[in-house]
Each structure stands twice: as structure tokens, then as C-alpha cells.
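Contents: one structure, followed by commentary.
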Amino acid sequence: MLSIYNTLTRKKEEFIPISPDEVRMYVCGPTVYDYFHIGNARSFIMADVLRKYLEYKGYNVKYIMNLTDIDDRIIKKSIEEKIEAKLVAEKYTKAFFDDIEKLKVKQADVYPKATDHVQEIVDFIKQLEEKSFAYNVDGNVFYDVSKFHDYGKLSGKKLVELEAGARVDVNEEKKNPLDFALWKKAKEGEPFWESPWGKGRPGWHIECSAMSGKHLGETFDIHAGGNDLIFPHHENEIAQSEAATKKKFVNYWIHFGFLNINNEKMSKSLGNFFTARDILKHYSAESIRLLFSQTHYRGPLEFNDELLDSSQKGLEKFKNLVEKVSPHPVPLPKGEGVSPDFDFQSYYKDFESAMDDDLNTPQAVAVLFDFVRDVNKAIAEKENLPSEFYSNVKEFLSKTAQGVLGIVDLEKSEAQGSSVEKELIELLIGLRNGARKEKNFALSDKIRNELNELGIELKDSKEGTTYKKVKK
RNA sequence: GGCGCUGUACCCAAGCGGUCUAAGGGGAAGGUCUGCAAAACCUUUAUUCGUCGGUUCGAAUCCGACCGGCGCCUCCA
């Protein structure tokens, strides 16, 4: 039984989807005005882990992530770079897909764009206007928060308190400082769409209400995003959608913690950020994902190179095991060999109960490390293990470490390269082993050290010498 | 000012009333194996969970106070 912490109720709740086999899930995607940073990546990755775990459990997941491709920041960027807003959005949309793929994040079923849904958005606003939740002031349309009595239910804020402590800019046009724009009137030179209120563009919050409704229906299971979206973004989405449909918008609200640098939130405005793209130049997706998985998704996550290094180091344990079980040297026929009393089921059970508990990935990772240690022990202790043992090990890692967490890549062969390169390395290994036989260790060590310099590590074992390429 | 989160070893980090003399990763130290390495395995590294009280047969876990840190309340994952 999966339980999930629901921001709306501030409790862990048993997860029960609307339809028994299907989960409908919406995750707030990027505003494509720049490369996304590694803090954004945390949300994308943890949402990916949640999605993959739901699939692991047998649900058919319908996963939608929006792309905000028209907004103030995009317009600002287009002015700075003197190119059309549309081209800014296109450039960073492409970058988004490139980066997300490198991070081994599975594609969403649909990536709806705001600019492709202007009609739906306009219709949505009209509906709100008809129901008196919206008012038009000279081409700007605002949502009237005072009309929505549940306003504040997600963030736990009370309207009066919000008003008292309001730090929002005073906008003469708004009835209430907390009212927010549904439709923004276009200024001179800005991109615009025609609407009943004149030329303009959608506000930010409305696109999610319109697009999630279109792709997932009026009520759906999961809506996820970063902590900072709770207020006002998600609060406003609820206000819009529930005012329009009179139905519950979302059953489970899930929010991810921030990524901290020196105990401070990483953000564009503070300037203390790294783009995911830059981090990926030095670290693998697996390292990043392991680091993220070792902290619970709701808490803050401390981020720096040392931590990335340590997770990269930890990954070696998985890689070495994969290497050990992958091209099993002497594949035994089924049923032969000494069967170790190794209880794979108990590791699946432990992995699942960790994940079932509000996605306790740190605990799940601990189970995987225990598994690796125990498998290594079994291999070291028993001589002839049946081939099923090796395939069971691979299957376990494939389903959990790779399939859900994305911290290993079984397909990635360690010793790749051109065949000539391979043969050259084999040749040198042969020479070195000749030298070793003659106890010419000076020569054998020289060969090993120099290969090492080239990024090729040798390992001697009873079965012979193997090598792997390491990143320099 | 309002709301919320948080303080566990050298670092990161689980744990949410008994199974905790507290997982897991990194680091450090010692050992087994090895010609030497590497990998792997074993052992050690918090009798203690910010501080002080309280509740309880029993608390890292609940309550209170205090001392730190962080976030949201404005665009933000």
C-alpha cells in the first residue's frame, strides 16, 4: 500500500487513484526562457521517480507536463537578445528536452504548450467571467479571490492575514492586492493573441488549469511541483479550476523540497545556481540521481561537488557488481551449480515497503546497497553459482535501481571503444601477463600504470585480467 | 508580523513511542585476499540523537520552553 504526503491535508494518506488501474498526473514544467538549473532538475527527477514507481506497481500512468512558452521572462529575454519571443521559447524548449533526456527522465505523454492552448484558456476565462469570479479592467482580466471561499486551503493561509501582510505591489486596477491576472493586456511591441478583452496573453496560473483540465479531466489524481509553487501558483490553480467546475481539482498535491547551496535555496534571483547542463558535463545522470535519491524528496537537499563526488563513488559499487554479473564468464545450464540460499523476494519486499512509505528513497537506496553487499558476499563464498542467480541479480537491479530510481544503467557497457582499441588493450594485457609470469613486475606495473594514465584501469582476478575505462 | 519546515557521527542522510547499545553512502583507521594494486569482504568510527524540563513502565521519536538554521507570504522547481 502506497502512502503519500498530501500538502492539501498535511498528512500522509493512502494513495487511491480515481480509476483503479490508472493514475493521472500533472507536473509543473519549465518556463522556457533559459536553461533549467539543477534545482529544477530535482523536481523533474523526483517526479520521474514517482511516476516510474507507480508504473512499477502496475499502474498505467498518464503523465502530463506543461511548457510555459509565453510569459514575462520570455518577453524580457527576447528584448535582451533582440530575437522574437517565439524563438526564445523554441531554443530553450529544445534545450529542455536535451537535458531531460540526459538526466534519464522518461518522456511525459504530452507536453502541452500554453501558446497551443490559447483558445482553451480564453474559454476558461470566459467561464470564470460568467460565474463572476473574474473582472475585466481595461483589457486586463483578474481573478477575484474574495469570491472563492476556499482560497488559501492549500497553503494554509487565511485571506485576511495575507492581505495584512501583503507585500504585493499595489496595482490600482485590482480590487484586492491578491487578485491575480488571468489575461494580460499586451503592451506595445509585445506578442499577443486576440481575445474578447482585446489583444493580450494568458496569465501564468490559468494555463495549468486549462491544460490539465483538457488533458486529464476536471478531477485528477496527482499534481506535483516545487515547494515554492504552493503559493500562489497552485493555490490559484485550485481557485480557478474549482470555481469553474465546482468539483475537486486534484486529490493529491505533492511538493518537492529545494536544493540548497551552503544551506541557502538555489535560485536564479540569488544567482547561486548551476544549470543541469553544466553539471552534466562533469557528472553522470546516475550520480545526480543517486544524490537526489539519498535525501527524502520533501526535505531540503544540500548540493555541492563533494556530495556529488561521494555519490559518484558510491555508484561504483553498483557498476562493479553489474560488471561482475553481466557477461557471466561460464554460463551454466539452468539448474546446475550450487544454489545459494539467497532470498531475492525479501529485497523486493524491503524496497517496496521503503518506497510505499511516502517514497522513502533514502531507505530504498539503503536496501539496494545491502543487496549489493549480500550478492558480493554470496559470489565470494560460493564457487559455482547457477546462472539463474546472475540473471536474478540483474533482474532485480533492472527493476529497482534502473527502472525506478535510474541510478544504474545495465546497458551501458563499461569497456567500449573501437575494435582496434580493444585489441590493442588486449595485446598489452597479454604482454603484461607474460611479464607477470616471469615475475618481471617492474615491466608489468609500468604497463598498468601507463594504461591507467590513459584512463584504462586493470583488474586482476582468478578468471584473468579485465579492464574498464574510467573518466579522467 | 503570519504560516510552515528543520537541528541525528568528520560530511551527506534514514528513523516518527519499545525490534535503536540509531540504517545506508562518502571519508578515516585496521584486517583478509593479491607479487603489488584494484575490486570484494570483515572490523572499528553516535550508550547517543541542538539545550533544558515534562508525559510515559519505556522517547531521537509525544508535549513545553529556550537556542540555532531554512523556506513561503513577490517571479521562482
Side-chain angles (χ1 to χ4, degrees), chain A residues 7 10 12 27-31 33 36-47 71-73 76 152 155-158 160-162 164-169 177-178 204 224-233 235 255-260 263-270 273 290-291 293-296 298-304 306-317 319-321 323-324 354 357 360-370 372-377 379-381 436-437 439-441 444-445 448-449 452 457-462 465-468:
Chain A
T7 308
R10 295 178 190 279
K12 270 192 216 173
V27 180
C28 284
T31 298
Y33 74 107
F36 65 84
H37 63 62
I38 192 75
N40 302 313
R42 184 185 187 192
S43 291
F44 300 147
I45 286 173
M46 294 321 287
D71 135 298
D72 291 355
R73 286 171 295 169
K76 192 172 162 232
S155 53
K157 296 180 191 303
K158 294 190 180 76
V160 261
E161 285 165 3
L162 278 168
R167 287 198 273 140
V168 257
D169 290 338
L178 293 163
W204 176 39
N227 251 172
D228 48 1
L229 295 182
I230 297 173
F231 190 89
H233 185 55
E235 195 70 71
H255 292 95
F256 307 110
F258 296 127
L259 199 133
N260 286 170
N263 211 21
E264 255 190 345
K265 175 185 172 182
M266 173 182 288
S267 75
K268 287 259 164 82
S269 45
L270 283 169
F273 67 94
L290 176 60
L291 178 62
S293 297
Q294 282 183 300
T295 298
H296 187 82
R298 275 191 282 116
L301 187 146
E302 193 59 33
F303 185 86
N304 57 49
E306 288 70 47
L307 293 168
L308 229 23
D309 285 338
S310 85
S311 74
Q312 193 175 42
K313 194 82 208 310
L315 227 45
E316 293 293 317
K317 281 194 158 70
K319 285 190 189 165
N320 287 323
L321 180 63
E323 215 176 300
K324 214 183 280 185
D357 182 16
N360 191 336
T361 53
Q363 184 61 46
V365 168
V367 172
L368 297 184
F369 275 112
D370 284 342
V372 170
R373 186 195 58 225
D374 296 344
V375 168
N376 274 320
K377 209 187 284 190
I379 291 173
E381 282 169 3
R436 289 174 70 209
K437 246 180 213 141
K439 305 222 185 288
N440 184 353
F441 297 124
S444 72
D445 285 354
R448 184 174 60 196
N449 290 338
N452 223 325
E457 269 179 13
L458 301 188
K459 281 186 207 176
D460 299 323
S461 70
K462 280 175 208 136
T465 302
T466 58
Y467 71 94
K468 69 171 176 178

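The chains referred to below are lettered A, B, ... by the order of the sequence lines, with proteins before strands, and numbering in each begins at 1.
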Exactly one of A/T295, A/L291, A/L307 should register a side-chain contact (heavy atoms from CB on, under 4.5 Å) with A/E302. Which one does?
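Result for side-chain contact (heavy atoms from CB on, under 4.5 Å) with A/E302: A/L307.
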Considering only heavy atoms and no angle criterion, is a donor-acceptor pair shorter than 3.5 Å present between the side chain of [X] and the base of [N]?
| X | N | result |
| --- | --- | --- |
| A/R42 | B/A77 | no |
| A/R298 | B/C5 | no |
| A/D460 | B/C36 | yes |

Given B/C12, B/G35, B/G69, which nucleotide is nearest the side-chain atoms of A/L307?
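The answer is B/C12, which lies nearest to the side chain.
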Just say parallel, tilted or perpendicular for the rings of A/F36 and A/F44, cut-offs at 30° and 60°.
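Perpendicular, since the angle between the ring planes exceeds 60°.
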[N] [atom2] sits how many Å from [X] [atom1], rounded?
| X | N | atom1 | atom2 | answer |
| --- | --- | --- | --- | --- |
| A/E306 | B/A28 | CD | P | 14 Å |
| A/D374 | B/G24 | CG | P | 11 Å |
| A/L315 | B/G26 | CG | C1' | 13 Å |
| A/H296 | B/A23 | NE2 | P | 21 Å |

Contact class for A/K459 vs. all strands (heavy atom < 4.0 Å): base, sugar-phosphate, or nothing?
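If one applies the 4.0 Å heavy-atom cut-off, A/K459 turns out to touch a base.
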Check every strand shown and say whether A/D445 touches a base, only sugar-phosphate, or nothing at a heavy-atom separation below 4.0 Å.
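Here A/D445 touches the bases of the nucleic acid.
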Heavy-atom nearest nucleotide on RNA chain B for A/S267 versus A/T295: which residue maps closer to 5'?
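Whichever sits nearer the 5' end wins; that is A/T295.
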Which residue lies more 5' along RNA chain B, comparing A/D357 with A/D71 via nearest heavy atoms:
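Looking at RNA chain B, the more 5' nearest nucleotide goes with A/D357.
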Does a side chain donor of either A/N376 or A/K324 reach within less than 3.5 Å of an acceptor in the other side chain?
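Yes, a side-chain donor-acceptor pair sits under 3.5 Å.
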Let me confirm one number: the CD-OG distance from A/Q363 to A/S293, rounded to the nearest 0.5 Å.
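With rounding to 0.5 Å, CD (A/Q363) is 13.0 Å from OG (A/S293).
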Does A/K377 place a side-chain N or O at less than 4.0 Å from the phosphate oxygens OP1/OP2 of B/C42?
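Yes.
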Are A/F369 and B/G25 stacked, counting the six-membered base ring, centres under 5.5 Å, planes under 30°?
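So no, this residue does not stack on that base, at least one cut-off failing.
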According to the Watson-Crick and G-U wobble definitions, with both distances under 3.5 Å, which nucleotide is paired to B/C3?
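Across all strands, the one nucleotide that pairs with B/C3 is B/G71.
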